[in-house]
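Inspection log for the structure reproduced underneath, given as structure tokens.
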Amino acid sequence: MIDNRTDCSYTVRPNMLRFVDLCEIYVRAGNGGAGCVSFRTEKYVPLGGPDGGDGGRGGDVVLVVDSNLNTLRDFTNRKHFNAGNGRPGQGGKKTGASGADLRIKVPPGTVVREIGVEDILADLSSDGEEFVVCHGGKGGRGNTRFKTATNQAPRRADTGMPGEEKHLLLESKLVADVGLVGYPNAGKSTLLAALSDARPKIAAYPFTTLSPNLGVVNAPNYRTFTIADIPGIIEGASEGKGLGIQFLRHIQRVRVLCYVLDVSEPDYQDHLAKLKEELGNYDPSLLARSELVLFNKIDLLQEHERAELLKALPPGVMAISAREKFHLAEVVDNLWEKLKPELTEKEDNVGDSDAAQE
């Protein structure tokens, strides 16, 4: 039986759904407004004295996490972002208006670095989280500030301070609870479509998936979690071979690794060891994550082969058919059991943070 969702007869315009997870932008905060040199001149008020106001403060550049975004595609056509400048001061001790802040929306999981600097400026993961990446310049002082007992009529005022300016590297890492990892054509996209509301491209050839896909699993009893399909990883991916090196960063945030192996391949058992080797070479901490191994495509085996496989399954391994949706309910149950401790710890941390703020 062929799932209707495997029909790929539609066409997609180039760049319409392009996944972008790495980009460079230039940001500049607003300059502070100049101070004013002014003297009070009113009828019947001789020697009114200085009354020049201060300049306004320049606007900040603020990065804001928006959960409605999942890529950095909005930054492909616009690279320069400038906040508003502060207005100059005026007579009558009037302070100039502050420049407008520039709020730039980024997807959850955005890591912010400054070009040429190794340290991470910010790691933004929570919806609504904000980070001031560039501070606006301070407004200049008006001549009122320089009045002294020996200088009753100062003609001096400061120019505003320039705002900060930075060349940033934005790197987006998918925030998912479960990551599907496997060789090309192992059936990860079919599994993602069967488990979640995602509709990835599915076809019978390797490297069908050219960018990560994210879906939400809505299981009974209010069990909800996110699952990501990472493009096919091959031997040598951590060294730049295939597509894996481009997307291995997205595995770093997942809580549970789900290895998907194609049992119709004669050497499928060797694939698991090679996948773990590549993940360990990229980030050794990944090997300490909770994991589940799925033997996929058992519908392609002969009856006796399938029976032998099911009988000899080691602990922590499940035999499934993503296309026929065989044992997928058990997969969801198993993943949820592995996720519960992680999700409970996350909720406790959020509650402690809220209590501390109160």
Side-chain angles (χ1 to χ4, degrees), residues 23-66 68-69 72 74-106 110 112-117 119-122 124 126-170 356-358:
C23 70
E24 297 181 19
I25 62 173
Y26 301 84
V27 293
R28 184 182 68 81
N31 298 328
C36 174
V37 175
S38 174
F39 294 91
R40 182 181 179 187
T41 55
E42 293 183 31
K43 192 176 181 180
Y44 307 121
V45 184
L47 305 177
D51 68 348
D54 299 338
R57 192 178 187 281
D60 297 331
V61 177
V62 186
L63 301 181
V64 183
V65 179
D66 186 349
N68 293 317
L69 303 176
L72 298 172
D74 293 343
F75 300 103
T76 56
N77 296 322
R78 183 182 176 187
K79 298 292 185 181
H80 296 266
F81 298 85
N82 301 323
N85 295 325
R87 302 293 296 174
Q90 300 179 21
K93 300 182 181 180
K94 295 179 181 178
T95 301
S98 297
D101 292 341
L102 177 64
R103 302 172 67 82
I104 303 175
K105 294 181 179 180
V106 296
T110 299
V112 185
R113 290 184 173 90
E114 187 173 3
I115 297 296
V117 180
D119 295 339
I120 294 176
L121 294 179
L124 308 174
S126 303
D127 186 30
E129 186 177 357
E130 299 183 0
F131 174 69
V132 180
V133 68
C134 282
H135 292 86
K138 185 178 179 181
R141 294 174 296 176
N143 68 334
T144 305
R145 300 283 188 176
F146 298 96
K147 180 181 178 180
T148 65
T150 57
N151 186 8
Q152 296 291 322
R155 297 183 178 275
R156 171 189 170 186
D158 290 341
T159 57
M161 297 294 292
E164 292 182 331
E165 186 174 358
K166 292 179 181 178
H167 181 191
L168 300 179
L169 175 67
L170 301 183
Q357 292 179 359
E358 292 177 358

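It should be emphasised that the depicted structure is a prediction, and the values quoted were computed from it without experimental measurement. Throughout, numbering of the chain's residues begins at 1 and tracks the sequence.
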Where at least one partner belongs to residues 29-49, residue pairs that pass salt bridge (Lys or Arg N to Asp or Glu O under 4.0 Å), sequence neighbours excluded:
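Found Arg40-Glu42.
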
Salt bridge (Lys or Arg N to Asp or Glu O under 4.0 Å) contacts touching residues 139-158 (sequence neighbours left out):
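Listed once each, the pairs are Asp54-Arg145, Arg141-Asp158, Arg156-Asp158.
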
Heavy-atom closest contact (Arg78 atom, Ile25 atom, distance):
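For Arg78 versus Ile25, the nearest heavy atoms are O-CG2, 4.5 Å.
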
Which atom names give the shortest non-hydrogen contact between Pro154 and Pro50, and what distance separates them?
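That would be CD-CG, 3.8 Å.
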
Any non-hydrogen side-chain atom of [X] less than 4.5 Å from a side-chain atom of [Y]?
{"X": "Val133", "Y": "Ile104", "result": "no"}
{"X": "Val27", "Y": "Leu63", "result": "no"}
{"X": "Leu69", "Y": "Asp74", "result": "yes"}

Main-chain N/O of Gly52 paired to Thr144 side chain as donor or acceptor, under 3.5 Å:
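Confirmed, Thr144 side chain pairs with Gly52 backbone.
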
Looking only at atom types and distance, does a side-chain atom of Glu165 sit under 3.5 Å from a main-chain N or O of Arg28, one as donor and one as acceptor?
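No, the answer is negative, given that no donor and acceptor are paired below the 3.5 Å cut-off.
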
Ignoring hydrogens and geometry beyond distance, is a side-chain donor-acceptor pair present between Ser38 and Asp51 at under 3.5 Å?
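Side-chain D/A pair, Ser38 to Asp51: present.
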
How many angstroms lie between atom CE of Met161 and atom NZ of Lys138, to the nearest 0.5 angstrom?
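That separation rounds to 9.0 Å.
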
Measuring from Leu169:CG to Glu24:CD, what's the distance to the nearest 0.5 Å?
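That separation rounds to 6.0 Å.
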
For Lys79, all residues meeting salt bridge (Lys or Arg N to Asp or Glu O under 4.0 Å), sequence neighbours excluded:
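Salt bridge (Lys or Arg N to Asp or Glu O under 4.0 Å) list for Lys79, sorted by chain: empty.
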
All salt bridge (Lys or Arg N to Asp or Glu O under 4.0 Å) counterparts of Asp127, not counting sequence neighbours:
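So Asp127 forms no salt bridge (Lys or Arg N to Asp or Glu O under 4.0 Å) with any residue.
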
Tell me, which pairs form a ring pair (Phe, Tyr, Trp, His ring centres under 6.0 Å) where one or both residues lie in residues 27-46, sequence neighbours left out?
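Output for this query is empty, none listed.
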
Using atom types as modelled, flag every donor-acceptor pair under 3.5 Å from a side chain in residues 83-103 to any protein atom, sequence neighbours excluded.
from	atom 1	to	atom 2	distance (Å)
Asn85	OD1	Asn31	N	2.8
Asp101	OD1	Asp60	N	2.8
Arg103	NH2	Glu130	OE2	2.3

Is the ring pair Tyr26/His80 parallel, tilted or perpendicular, if the boundaries are 30 and 60 degrees?
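Parallel: the ring planes of Tyr26 and His80 meet at under 30°.
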
